[in-house]
Amino acid sequence: QVEKTRPPRALMTPFMLGRPVGEPDDAAFQRRVLLQALGLLERSDGPVILEHFPDDPPSWTDRAGWAPSVNLPAPDAALSGAARSPAQWESLLGDEMAQVMPARERFKSRFGRTTVGLSGQPPEAWPGFIASVLSGELPRTPLHDTTALALRFLVDDLKALYGEAAQAEGAPPSARQIDQWFWRRTVAGQLLIALRAFALTSENNGLKTVGGRFFVPVPHLPG
């Protein structure tokens, strides 16, 4: 996008989406990124300067021996949108979340914060809301006036909750390790892949848009 729009000055960073200056809690690295970006303002070799930041953040390195703080059984390899009814997905997700929630509470106690809350729905409501969408309904919430928006932010909350639970104890893993655990080893990850496939076939343009863009990162799409 930057190369196409060609603003006068831009520093392109090779970090995860949503982390333009690097990983959380790495102030020294973030300062390096900001200083390099601000340094573009001092240069006169324009009119257009597009520069890449040279390094990956140190915390992208996988932590040897890391295991998530919540021990979940591997999901059924046959899990798929076609193989499960909405009621079955609701039950599977509800059961798994019951195992995840204690670890998430330990994370909140340890760090005194959470990024969960965009959906405006309590976690216990999430399995039923997703099941109703998979059943062809268009439920809404007081905070979001369309099903598409409500579902988009619920999906964000679900991913954030699992990410927090995975880090309740021990040194932080890399973002890559959390992603691999979530998308390969949890019912929630498999459900979001099935939910994306369902949304892409919906006649509701809002669902189709958010499903295609926001539910599942491209590296974790099947096949």
(Q) Quick one: does any side-chain atom of Q180 pair with a main-chain N or O of Q177 as donor and acceptor, under 3.5 Å? (A) no

(Q) Using the ring centroid of each side chain, check whether F15 and F29 are separated by less than 6.0 Å. (A) yes

Q) Is the W181 ring parallel, tilted or perpendicular to the Y162 ring (thresholds 30°, 60°)? A) tilted

Q) Taking the six-membered ring of F107 as reference, does the NZ or CZ atom of R104 fall below 6.0 Å from its centre and within a 45° cone about the axis? A) no

Q | Atom of A103, atom of A165 and distance for their closest heavy-atom approach | A | CB-O, 3.6 Å

Q. So, does E164 use its side chain to make a donor-acceptor pair with the main chain of T115 at under 3.5 Å?
A. yes

Q: Might you point out which heavy atoms bring D157 and G117 nearest each other, and give the distance in Å?
A: OD1-N, 2.9 Å

Q: Taking all heavy atoms of A199 and all of G211, pick out the closest pair and write down the distance.
A: CB-CA, 3.9 Å

Q: Take F111 and R106 through the test side chain to side chain contact (heavy atoms under 4.5 Å, CB included) and record every step on the way to the result.
A: CA-CA 9 Å; F111 293 102; R106 294 197 300 274; over 6 Å; no

Q. Is a side-chain donor or acceptor of R9 paired with a backbone partner of A37 at a separation under 3.5 angstrom?
A. no

(Q) Going by the rule side chain to side chain donor-acceptor pair (under 3.5 Å), which residues pair with D26 if we only count those two or more places apart in sequence or in a different chain? (A) none

Q.
Taking side-chain hydrogen bond (donor to acceptor under 3.5 Å, both in side chains) as the cut-off, I'd like each qualifying pair that reaches into residues 124-150, sequence neighbours left out, listed once.
A. none

Q: Could you tell me whether a side-chain N or O of S119 sits under 3.5 Å from a main-chain N or O of L154, the two making a donor and an acceptor?
A: no

Q.
If you count heavy atoms of other groups shown closer than 6.0 angstrom to CZ of R19, is the number above 12?
A. yes

Q: Show your working on side chain to side chain contact (heavy atoms under 4.5 Å, CB included) between R84 and L92 and close with a plain yes or no.
A: CA-CA 10 Å; R84 301 289 178 178; L92 286 167; 4.0 Å; yes

Q. Of all heavy-atom pairs between V155 and L192, which one has the smallest distance, and what is that distance?
A. CG1-CD1, 3.7 Å

Q | Check: T114 side chain, K108 main-chain N or O, donor-acceptor pair, under 3.5 Å | A | no

Q) Between R196 and F215, is NZ or CZ placed under 6.0 angstrom from the six-membered ring centre and within 45° of the ring axis? A) no

Q | Selection residues 31-46 - residue pairs positive for side-chain hydrogen bond (donor to acceptor under 3.5 Å, both in side chains), sequence neighbours left out | A | R32-D55, Q36-E51, R43-D45, R43-E51

**Q.** Main-chain N/O of L93 paired to E96 side chain as donor or acceptor, under 3.5 Å
**A.** no

(Q) So which atom in H52 and which in E3 form the shortest heavy-atom distance, rounded to 0.1 Å? (A) NE2-OE2, 4.3 Å

